[in-house]
Number of protein chains: 2
Amino acid sequence: MYERKIPITLDCGLDLIGEVLYGKWKIRMLYFIAEGCVRPSELQRKIPDASRRVLTMQLKQLEEHELVTKTIYPQIPLKVEYSLTEFGKSLLPVITMLGQWGDEHQERLRNVIEKQYTTTQMMSDQMV
Amino acid sequence: MYERKIPITLDCGLDLIGEVLYGKWKIRMLYFIAEGCVRPSELQRKIPDASRRVLTMQLKQLEEHELVTKTIYPQIPLKVEYSLTEFGKSLLPVITMLGQWGDEHQERLRNVIEKQYTTTQMMSDQMV
DNA sequence: CTGTATCCTGGAGGATACTG
DNA sequence: CAGTATCCTCCAGGATACAG
């Protein structure tokens with residue numbers, strides 16, 4: 001029907017990127033680090049819904065995946081900064097595209113998401 | 001440091017697209033449907049790791065989010081086909097880009113992922 | 001300030017068996 | 001063939017308290 005416009009290897013590419021981007025806050029963190037929020041406390045402020053523990057964990061994973069670099073300044077109080085590696089920067093266009101699509105279809109998205117939400121609501125209301 | 005190259009609204013765009021793409025198999029399903037695997041059984045075959053139940057659930061969500069359309073042919077045995085809406089098709093470039101990035105960095109990705117995996121292994125080995 | 005150790009919970013997703 | 005109903009597991013992520 002769509003005549004295989006997409007080369008098959010993509011399938012595996014999706015796996016791999018999924019591996020690296022998996023984690024509730026990772027994309028956001030990359031995004032904010034790119035924006036200049038390079039210290040954990042800044043990120044924490046930007047993403048208040050995330051717990052400190054998870055924030056740290058996912059930063060560590062990003063580091064293991066070589067998307068960010070961690071720099072420790074041995075001061076009191078401690079100062080830590082994260083920055084994107086070249087590898088990490090190569091991901092920015094992808095993230096930008098994700099965000100742009102969401103942005104461009106903002107209204108429609110809000111509609112369909114809201115609609116689905118209220119449907120769920122109705123169902124749980126009926127449960128009572 | 002990176003001087004805010006990315007417009008701030010992206011942040012919300014990321015939320016919205018996340019909402020719609022959230023689900024272990026959704027991106028894959030969209031991808032395969034675009035490729036011409038339009039029947040549930042075909043998708044099931046392409047994604048054998050997914051359970052029938054979840055496959056159906058996520059298809060239903062994609063439908064609610066207006067990314068796919070469901071067509072039922074009242075035959076025995078039943079025949080069902082899914083196809084991308086225009087809205088859904090607008091997502092293809094994004095998916096393609098995701099997959100391409102993963103594809104292009106395939107080797108490096110395999111390395112860092114593998115490395116992290118073995119690290120985890122070592123740790124759980126030490127646990128013993 | 002940054003990071004770790006514990007404990008706990010929600011809910012996504014799997015297995016299985018069933019209906020139409 | 002397509003979909004649903006139950007039941008169950010597992011772990012990502014939150015809360016909290018503490019340490020360097």
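Quick note on labels: first sequence line is chain A, next is B, and so on, each numbered from 1. FYI, side chains are in, hydrogens and waters are out, and symmetry mates aren't considered; it's all heavy atoms of this structure.
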Peer 1: Would you say dG13(C) has OP1 or OP2 under 4.0 Å from some side-chain N or O of Q58(B)?
Peer 2: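 Yes.
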
Peer 1: Is K46(B) reaching over with its side chain to a backbone N or O of E42(B), donor-acceptor style, under 3.5 angstrom?
Peer 2: no

Peer 1: Expressed in angstrom and rounded to an integer, what is the separation of L55(B) atom CG from dG13(C) atom P?
Peer 2: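 After rounding, the reported distance stands at 11 Å.
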
Peer 1: Examine distances only and state if a side-chain atom of Q61(A) and a backbone atom of L21(A) form a donor-acceptor pair shorter than 3.5 Å.
Peer 2: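 Not a single qualifying donor-acceptor pair exists.
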
Peer 1: Quickly, which of L84(A), L59(A), L91(A) forms a side chain to side chain contact (heavy atoms under 4.5 Å, CB included) with L67(A)? Name it, please.
Peer 2: L91(A)

Peer 1: Looking at T69(B) and T85(B), would you say the former's side chain and the latter's main chain have a donor-acceptor pair under 3.5 Å?
Peer 2: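 Such a contact is absent between T69(B) side chain and T85(B) backbone.
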
Peer 1: Ignoring hydrogens and angles, answer whether the base of dG3(C) and the side-chain atoms of R53(A) contain a donor-acceptor pair closer than 3.5 Å.
Peer 2: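 Counting by modelled atom types and ignoring angles, no donor-acceptor contact under 3.5 Å is found here.
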
Peer 1: Nearest to the K24(B) side chain among dT2(C), dG14(C), dT4(C), which nucleotide is it?
Peer 2: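 The answer is dG14(C).
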
Peer 1: Pick the closest DNA chain D nucleotide for S41(B) and for G23(A) by heavy atoms, then say which residue is nearer the 5' end.
Peer 2: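 Nearest-nucleotide comparison on DNA chain D picks S41(B).
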
Peer 1: With heavy atoms of chain A within less than 4.0 Å as the criterion, where does contact along DNA chain D begin and end?
Peer 2: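 On DNA chain D, the outermost contacted nucleotides are dA12(D) to dA15(D).
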
Peer 1: For the pair made of CG in L62(A) and P in dG3(C), what is the distance, rounded to whole Å?
Peer 2: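 Value for this atom pair: 13 Å.
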
Peer 1: Please work out if K79(A) contacts a base, only the sugar-phosphate, or nothing of the nucleic acid, heavy-atom cut-off 4.0 Å.
Peer 2: nothing

Peer 1: Would you mind checking if E86(A) and K89(A) are paired as a salt bridge, meaning a charged N to carboxylate O distance below 4.0 Å?
Peer 2: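 A salt bridge links K89(A) with E86(A).
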
Peer 1: Tell me the interatomic distance from W25(B), atom CH2, to dG13(C), atom P, rounded to whole angstroms.
Peer 2: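 Roughly 9 Å, once rounded to whole Å.
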
Peer 1: Assuming nearest nucleotide by heavy-atom distance, tell me which of K60(A) and R39(A) is located more 5' along DNA chain C.
Peer 2: R39(A)

Peer 1: Side-chain N or O of Y82(A) less than 4.0 angstrom from OP1 or OP2 on dT2(C)?
Peer 2: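 No, outside the criterion.
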
Peer 1: In whole Å, what is the span from the CG atom of L43(A) to the P atom of dC1(C)?
Peer 2: 13 Å

Peer 1: Measure CD/E42(A) against P/dG3(C) and give the value in whole Å, please.
Peer 2: 13 Å

Peer 1: Which part of the nucleic acid, if any, lies within contact of Y22(A), taking any heavy atom under 4.0 Å across all strands shown: a base, the sugar-phosphate backbone alone, or nothing?
Peer 2: sugar-phosphate

Peer 1: Taking atom C1' of dA12(C) as reference, at what distance in whole Å does atom CE of M57(B) sit?
Peer 2: 8 Å

Peer 1: Please find the pair of heavy atoms, one from V94(B) and one from L98(A), that lie closest to each other, and give the distance.
Peer 2: CG1-CD2, 3.5 Å

Peer 1: Give, for atom CG of L78(A) and atom CD1 of I76(A), the distance between the pair rounded to the nearest 0.5 Å.
Peer 2: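 L78(A) CG to I76(A) CD1: 6.5 Å, rounded to 0.5 Å.
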
